[in-house]
There are 2 protein chains.
Amino acid sequence: MFQLGISVNCAVYAYDGESHKVLLIRRKRAPFENAWALPGKLIAPNDDLDATVARIIKASTGIKDEDIFYSRQIRAFVDTDRHPFGRVVSIAYICLVRYTEFEPQDSDLFSMPKWFAEDKIPKLVFDHDDIIVSSKRRLVDSLRTKPIVFQLLNKEFSLPELQSVYESILDTELDKRNFRRKLRDMPFIEDTGFLQKVHQYRPARLYKYNHETFRAMKAKGYVFSL
Amino acid sequence: MFQLGISVNCAVYAYDGESHKVLLIRRKRAPFENAWALPGKLIAPNDDLDATVARIIKASTGIKDEDIFYSRQIRAFVDTDRHPFGRVVSIAYICLVRYTEFEPQDSDLFSMPKWFAEDKIPKLVFDHDDIIVSSKRRLVDSLRTKPIVFQLLNKEFSLPELQSVYESILDTELDKRNFRRKLRDMPFIEDTGFLQKVHQYRPARLYKYNHETFRAMKAKGYVFSL
DNA sequence: ACAAAAGTGTTGACATTACACCCATGC
DNA sequence: GCATGGGTGTAATGTCAACACTTTTGT
């Protein structure tokens, strides 16, 4: 055993109604104080990973309820020369949050947390650029193979919103009729009967995701695929 | 920063002609000396992850050439109470090797390295059971979505062998005609013109995998899927 | 000639794509 | 009534699953 540190870094994604965004902060400490980085912190001696992730999300977005976001480990980034102070292992996480429920704000850990569109991401410290690349790949993959879009939308959402998220993240245009048919035919996507009024035009129907139904189907061999 | 260790553990898979096997060793050190475990070691201060993985494979199988196996990180396993000596982070890897090119043997690090069928795996130390579960899931997933079976077979292989590997790992029976058609139609699987003579019956045609062809197709948008 | 494993095609069901117009709402 | 975004069906094509017999080889 020798001296080193373990940090957890989170690639936090949200969808603001236009496109997907990732949350970046400015560092409050050396090295590279004030540089743009992924929100992260060293793991405390008795904290586990999930607690550390929750702490990071809480600090960067001010959210109270820690249990309402999705997070999965991507992998560990280890490189003898990635950190000037010595070896630091970074365990990277991807987190999905609902834009409207999280409000980036300064904290003891970070300053200036801000949402960035994918093509506006500045140069980041350490190897955080690599982590962003891996997390985006994972995001695309997860979106295609798991019902996790719902983590980015309000509990009640419209099909146009759903399609817009997919188009933004997968970076393709999708056929409206085919997309809608496919999604509507999934039994775990339920019509709430309510309408959405966000503009002066025709309101969209609101749907909600029923996780129990999905779980039951999955247990019987169903595989989600967009 | 505080005192801890980083270990690398490898789930090493091979196919022996019958079914897929995973390599386990007996520990040479405390704690739990002599218990069955995944081959692994603490990372040395100036080694990177790939070098550590290579060292582990070399020690457990005696292979000389370190560059002929496939390895990918699964994820980091971190748990404050996973190791009795204090916090140890285990970074887990999945490795695929060719059975005939690797010969398990005792070394300075491990004793009694041995191939185990999936249903014969003994109780392992620490959380290595969890690592095995994750690595198997990853193996199945990778087999379905990437052309990596070839890492388990000789450079020249027959279609019956190929099918057998898939059947063993996916734990299903596959239709011979459908399987063969699908694989033979992949342009990166090339007929060598040679025949295999392993028994007294009709010999099978030998094929080989052309990675360059696959890469070119992938660059043009092709996605592998079994 | 026989035992064992290698090899080969067709059909029906299902899923995916392509494509253009009407509808509901607020101003 | 008009501007804007929400909503709908069908036909053609491609993909996947089911299925049984012939060929080659060594003994």
Tell me which residues in residues 176-184 of chain A put a heavy atom below 4.0 Å from DNA chain C, sorted by number, or none. A:Arg177, A:Asn178, A:Arg181, A:Lys182
Between B:Tyr93 and B:Thr52, do the side chains contain an N or O donor and an N or O acceptor separated by less than 3.5 Å? no
Which class fits the ring pair [X] and [Y]: parallel under 30°, tilted 30 to 60°, perpendicular over 60°?
X	Y	result
A:Trp36	A:Phe116	perpendicular
B:Tyr13	B:His20	tilted
A:Phe214	A:Tyr209	tilted
B:Tyr222	B:Phe188	perpendicular

[atom1]/[X]: more than 12 non-hydrogen atoms of other groups inside 6.0 Å:
X	atom1	answer
A:Phe224	CZ	yes
A:Arg205	CZ	no
B:Lys208	NZ	no
B:Lys220	NZ	no

Please name the pair of heavy atoms, one in [X] and one in [Y], separated by the smallest distance, quoted to 0.1 Å.
X	Y	result
A:Ile63	A:Ile68	CD1-CD1, 4.1 Å
B:Arg27	B:Phe126	NH1-CE1, 3.5 Å
B:Leu109	B:Arg55	CD1-NH1, 3.8 Å
A:Leu153	A:Val165	CD2-CG2, 3.8 Å

In a check of side chain to side chain contact (heavy atoms under 4.5 Å, CB included) between B:Asp130 and each of B:Asp127, B:Val133, B:Ile132, which one passes? B:Asp127
Does the Lys NZ or Arg CZ of A:Lys182 fall within the cation-pi geometry relative to A:Phe179 - under 6.0 Å from the ring centre and within 45° of the axis? no
Establish, yes or no, whether the cationic atom of B:Arg75 lies under 6.0 Å from the six-membered ring centre of B:Phe77 and within 45° of the ring axis. yes
Under 4.0 Å, heavy atom to any atom of DNA chain D: which of [range] qualify?
range	answer
residues 144-171 of chain A	A:Pro160
residues 187-194 of chain A	none
residues 198-206 of chain A	A:His199, A:Tyr201, A:Arg202, A:Pro203, A:Ala204, A:Arg205
residues 215-226 of chain A	none

Within this structure, what is the CD-to-P distance between B:Glu173 and D:dA17, rounded to whole angstrom? 15 Å
Residue pair B:Asn178, B:Leu174: steps toward the side chain to side chain contact (heavy atoms under 4.5 Å, CB included) verdict: CA-CA 8 Å; B:Asn178 294 337; B:Leu174 299 170; over 6 Å; no
Its 5'-most and 3'-most nucleotides having an atom under 4.0 Å from a non-hydrogen atom of chain A, DNA chain C is contacted over C:dT16 to C:dC27
